[in-house]
Amino acid sequence: MIRRMLEADLSDVSELERQYFSMPWSEKQLRESLENPDYLFLVLELEGKIAGYAGLVRAGDEGDITNVVLAEECRGRGFGKLLVRTLLEEGKRRGIRDFTLEVRVSNTPAIHVYEALGFVKEGVRKRFYEKPTEDAWIMWKRDGSSSLFL
């Protein structure tokens with residue numbers, strides 16, 4: 001089941017952050033973001049346990065996908081794609097037209113998921129990630145009606 005993240009989920013979500021990210025968001029950062037109306041967080045709950053989550057922050061009609069993580073045992077089963085697809089649908093309901101994200105250039109499984117959902121590589125952020133230092137692909141999913149030029 002995919003649902004909105006609740007305050008009661010923060011401990012489990014911050015544990016996923018610690019397990020899978022080299023520079024995890026703290027429980028405090030997650031709580032502050034959860035309280036901010038510009039953020040949207042969804043969790044994947046399986047058998048009563050938080051098995052993954054995804055988040056985005058809204059800036060006007062754009063959404064920046066900030067975090068996507070799945071427990072190891074849930075990977076390769078379509079849950080990541082479902083979680084991100086649901087996040088995009090919820091973002092669109094909030095008026096977001098274009099979505100962006102950064103992903104490690106070496107994270108081939110995630111890149112495949114994002115491309116399958118319509119994201120396109122549009123640039124590179126050099127040395128974006130730490131521990132280890134690595135470049136990030138900047139990927140966008142645009143609705144086609146917005147212009148890159150003002």
Side-chain angles (χ1 to χ4, degrees), residues 1-123 125 128-143:
M1 170 174 70
I2 295 177
R3 61 172 174 78
R4 298 269 313 261
M5 187 167 79
L6 306 171
E7 188 172 346
D9 301 322
L10 288 172
S11 177
D12 291 337
V13 168
S14 64
E15 180 58 29
L16 284 171
E17 280 275 331
R18 284 190 296 277
Q19 286 180 3
Y20 296 106
F21 290 123
S22 61
M23 300 197 58
W25 285 26
S26 68
E27 190 169 331
K28 180 179 185 249
Q29 288 171 303
L30 287 164
R31 177 174 281 107
E32 289 170 354
S33 297
L34 185 61
E35 294 168 354
N36 184 328
D38 290 327
Y39 279 81
L40 171 64
F41 290 101
L42 301 177
V43 295
L44 170 67
E45 184 177 345
L46 297 174
E47 299 175 6
K49 181 182 175 198
I50 302 302
Y53 91 103
L56 70 80
V57 61
R58 178 184 175 157
D61 63 355
E62 294 181 354
D64 182 13
I65 297 177
T66 58
N67 313 56
V68 178
V69 66
L70 284 175
E72 190 71 36
E73 63 271 14
C74 295
R75 295 178 184 182
R77 298 170 51 192
F79 290 124
K81 189 174 184 179
L82 179 62
L83 188 57
V84 175
R85 180 183 291 127
T86 306
L87 189 68
L88 295 173
E89 290 167 359
E90 289 297 318
K92 286 179 183 178
R93 280 195 258 289
R94 292 175 170 221
I96 297 172
R97 294 187 335 202
D98 301 322
F99 297 85
T100 188
L101 57 83
E102 290 91 8
V103 59
R104 285 183 182 271
V105 296
S106 65
N107 192 346
T108 304
I111 293 166
H112 287 310
V113 167
Y114 301 140
E115 289 176 335
L117 291 169
F119 282 85
V120 177
K121 296 172 188 165
E122 292 193 12
R125 291 198 197 282
F128 182 76
Y129 290 103
E130 299 176 25
K131 299 181 182 179
T133 300
E134 187 173 359
D135 295 346
W137 284 116
I138 304 166
M139 300 183 78
W140 280 89
K141 178 178 174 60
R142 301 181 190 274
D143 80 349

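Remember, predicted model here, so these are calculated numbers, not experimental data.
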Are [X] and [Y] close enough for a salt bridge, meaning some N to O gap below 4.0 Å?
X      : Y      : result
Arg31  : Glu27  : yes
Glu115 : Lys121 : yes
Arg142 : Glu122 : yes

Work out which heavy atom in [X] is nearest to a heavy atom in [Y]; give both atom names and the distance.
X      : Y      : answer
Val103 : Ala110 : CG2-CB, 4.0 Å
Val57  : Thr66  : CG1-CG2, 3.9 Å
Leu83  : Val69  : CD2-O, 4.4 Å
Met139 : Thr100 : O-OG1, 3.0 Å
Tyr20  : Arg75  : CD2-NH2, 3.2 Å
Leu16  : Ala51  : CD1-C, 4.1 Å

Please tell me if the side chains of [X] and [Y] come closer than 4.5 Å, counting only heavy atoms from C-beta onward.
X      : Y      : result
Met1   : Leu44  : no
Asp64  : Arg58  : no
Met5   : Leu42  : no
Val43  : Ile2   : no
Asn107 : Pro109 : yes
Leu88  : Ile65  : yes
Phe79  : Leu70  : yes
Ser33  : Lys28  : no

I'd like to know if the side chain of [X] and the backbone of [Y] have a donor-acceptor N/O pair within less than 3.5 Å.
X      : Y      : value
Ser14  : Ser26  : no
Ser22  : Glu130 : yes
Glu17  : Trp25  : yes
Lys141 : Leu117 : yes
Asp98  : Asp143 : yes

* **Candidate pair Lys92 and Phe99, rule side-chain contact (heavy atoms from CB on, under 4.5 Å), full reasoning** => CA-CA 9 Å; Lys92 286 179 183 178; Phe99 297 85; 4.1 Å; yes
* What's the verdict on side-chain contact (heavy atoms from CB on, under 4.5 Å) for Leu34 and Tyr39, showing C-alpha distance, side-chain angles and the deciding distance? -> CA-CA 6 Å; Leu34 185 61; Tyr39 279 81; over 6 Å; no
* To do: Please lay out, stage by stage, how Arg97 and Glu62 fare under the test salt bridge (Lys or Arg N to Asp or Glu O under 4.0 Å).
  => CA-CA 6 Å; Arg97 294 187 335 202; Glu62 294 181 354; over 6 Å; no
* Test Asp9 against Lys49 for salt bridge (Lys or Arg N to Asp or Glu O under 4.0 Å), laying out the working first. => CA-CA 9 Å; Asp9 301 322; Lys49 181 182 175 198; over 6 Å; no
* Mind telling me whether Tyr53 and Phe41 have parallel, tilted or perpendicular rings, with 30° and 60° as the class edges? =>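 Tilted.
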* To do: Please identify each residue that fulfils salt bridge (charged side-chain N to carboxylate O under 4.0 Å, His left out) with Glu89, with sequence neighbours left out.
  =>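 Checked Glu89 against salt bridge (charged side-chain N to carboxylate O under 4.0 Å, His left out); zero matches.
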* Asked: For Arg94, what residues pass the salt bridge (charged side-chain N to carboxylate O under 4.0 Å, His left out) criterion, not counting sequence neighbours?
  ->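 Result, salt bridge (charged side-chain N to carboxylate O under 4.0 Å, His left out) vs Arg94: none returned.
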* Asked: To the nearest 0.5 Å, what is the distance between CG (Leu101) and CG (Asn67)?
  ->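 Here the interatomic distance stands at 11.0 Å.
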* To do: Measure the spacing between CD of Gln29 and CG of Leu10 and express it to the nearest 0.5 Å.
  =>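 It comes to 12.0 Å.
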* **Evaluation steps, side-chain contact (heavy atoms from CB on, under 4.5 Å), between Glu15 and Asp12** => CA-CA 5 Å; Glu15 180 58 29; Asp12 291 337; 5.6 Å; no
* Stepwise side-chain contact (heavy atoms from CB on, under 4.5 Å) test for Leu56 and Ile96 -> CA-CA 11 Å; Leu56 70 80; Ile96 297 172; 3.6 Å; yes
